Amino acid sequence: MVGLAYAAVPLYRLYCQTTGLGGSAVAGHGSDHIETMEPVKDRIIKVTFNANVHASLHWNFRPQQNEIYVVPGETALAFYKAKNSTDKPVIGISTYNVVPFEAGQYFNKIQCFCFEEQRLNPHEEVDMPVFFYIDPEFAEDPKMAKVDLITLSYTFFQAKDGQKLPLPGYQ
C-alpha cells in the first residue's frame, strides 16, 4: 500500500503535465515553437508567485519577486530563493501547480527546478530560476477571456538521497 501511494504522486503528476489538468504546466514544447511565437501585445497577464515548504523540510523558500506582467507568446524569467536552515545537508524536491487550473495547459516551463533533487549544504542559500511562457493560444480561448491573473505555486518536500522521480513527459 505504501508503494502504491508513493507511485500515485508521480503518475498523477505525469497525467496532469501531459494533459494540462490540475493546474500543471504542459511539458514537451520544443525551442522551435518558442522562436516562432508571436506575442499578443494587447493581452497583459499578471503572474504571481507562491512558495510553500512541507513541515518535514527545514528550508526557507520564497519567490524573489511577488509578481511580473507578461503577454502570451513572450518568454519570462523569475527567481525563487531557497536556504537550508539546518546544520546538515538536506535534499529537497519540488512540485508545482498553476491557478486557475484551466490556465495550466497554456503555461509552459522551458526551464525550472521542479521535480529535480536540490541538495543544499548546511546554511547554503541558492537562487532557482524559472523560465516560462504563456502560449499565444491562451488569448484565443474564450474560457480564458476573463483570466488576467495566474499564480505559479511551488511546494518543496524533503527527498531521500538517491531517490529519483520520473521526469514528466519523458520515459
Side-chain angles (χ1 to χ4, degrees), residues 9-53 59 61-83 91-120 124-141 143-144 147-157 159 163-171:
V9 173
L11 291 175
Y12 179 72
R13 182 181 65 244
L14 179 61
Y15 170 76
C16 290
Q17 287 243 302
T18 303
T19 63
L21 296 175
S24 291
V26 177
H29 283 284
S31 60
D32 57 334
H33 181 70
I34 296 166
E35 294 169 4
T36 60
M37 285 190 311
E38 290 291 328
V40 183
K41 298 284 186 188
D42 62 342
R43 186 71 194 274
I44 299 172
I45 301 163
K46 179 179 175 181
V47 178
T48 61
F49 302 93
N50 185 33
N52 301 290
V53 179
W59 282 10
F61 176 59
R62 67 185 188 285
Q64 291 190 28
Q65 63 288 304
N66 293 323
E67 61 192 34
I68 61 173
Y69 291 87
V70 299
V71 299
E74 176 180 78
T75 59
L77 181 63
F79 287 90
Y80 282 77
K81 187 174 288 282
K83 182 177 182 181
I91 298 172
I93 193 162
S94 69
T95 62
Y96 68 91
N97 69 0
V98 175
V99 176
F101 296 133
E102 299 80 12
Q105 64 184 321
Y106 299 106
F107 199 98
N108 296 278
K109 291 201 227 158
I110 301 163
Q111 178 185 3
C112 86
F113 53 86
C114 50
F115 307 122
E116 295 178 8
E117 289 184 352
Q118 306 293 325
R119 179 187 169 101
L120 296 183
E124 181 181 10
E125 185 174 62
V126 296
D127 292 332
M128 299 179 164
V130 179
F131 190 39
F132 68 93
Y133 69 93
I134 298 171
D135 195 294
E137 292 178 9
F138 176 93
E140 299 169 14
D141 187 340
K143 294 181 287 190
M144 299 293 110
V147 175
D148 58 1
L149 172 65
I150 296 176
T151 301
L152 176 60
S153 181
Y154 283 94
T155 301
F156 254 104
F157 299 89
Q163 184 178 36
K164 300 282 185 198
L165 293 177
L167 290 174
Y170 299 99
Q171 300 193 3

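The first residue in the sequence is number 1, and the count goes up from there. Nothing here was measured: the structure is a model prediction, and the numbers come from that model.
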Atom of [X], atom of [Y] and distance for their closest heavy-atom approach:
| X | Y | answer |
| --- | --- | --- |
| Ile93 | Ala159 | CG2-CB, 4.0 Å |
| Ile91 | Trp59 | C-CZ2, 4.3 Å |
| Phe113 | Pro129 | CD2-O, 3.7 Å |

Would the number of heavy atoms belonging to other residues, nucleotides or ligands and lying under 6.0 Å from NZ of Lys41 be above 12?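 For Lys41, atom NZ is not crowded (no more than 12 foreign heavy atoms under 6.0 Å).
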Verify the neighbour count for atom CG of Leu77: are there more than 12 heavy atoms of other residues, nucleotides or ligands below 6.0 Å?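 Enclosed.
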Considering only heavy atoms from C-beta outward, does the side chain of [X] approach that of [Y] to under 4.5 Å?
| X | Y | answer |
| --- | --- | --- |
| Phe61 | Gln118 | no |
| Lys109 | Leu152 | yes |
| Phe138 | Val147 | yes |
| Ile45 | Asp148 | no |
| Ser153 | Val99 | no |
| Phe132 | Val47 | yes |

All N/O donor-acceptor pairs, side-chain side in residues 65-74, below 3.5 Å, sequence neighbours left out:
{"from": "Gln65", "atom 1": "OE1", "to": "Phe79", "atom 2": "N", "distance (Å)": "3.2"}
{"from": "Gln65", "atom 1": "NE2", "to": "Phe79", "atom 2": "O", "distance (Å)": "3.1"}
{"from": "Glu67", "atom 1": "OE1", "to": "Lys46", "atom 2": "NZ", "distance (Å)": "3.2"}

What residues form a salt bridge (charged side-chain N to carboxylate O under 4.0 Å, His left out) with Lys83, not counting sequence neighbours?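 With neighbours one apart ignored, the set is empty.
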How many angstroms lie between CE in Met144 and CZ in Arg43, if you round to the nearest 0.5 Å?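 Here the rounded value is 8.5 Å.
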Using 30° and 60° as the class limits, which term best fits the ring planes of Tyr80 and Tyr154: parallel, tilted or perpendicular?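 Plane angle over 60°, so perpendicular.
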For the backbone of Ala139 and the side chain of Asp141, can you confirm whether one donor and one acceptor N or O come within less than 3.5 Å of each other?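 No, Asp141 side chain to Ala139 backbone: no donor-acceptor pair under 3.5 Å.
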Could you tell me which residues satisfy ring pair (Phe, Tyr, Trp, His ring centres under 6.0 Å) with Phe49, sequence neighbours excluded, listed by chain and number?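 Not a single residue meets the ring pair (Phe, Tyr, Trp, His ring centres under 6.0 Å) criterion with Phe49.
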Going by atom types alone, do Thr95 and Thr155 pair a side-chain donor with an acceptor below 3.5 Å?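 Side-chain D/A pair, Thr95 to Thr155: absent.
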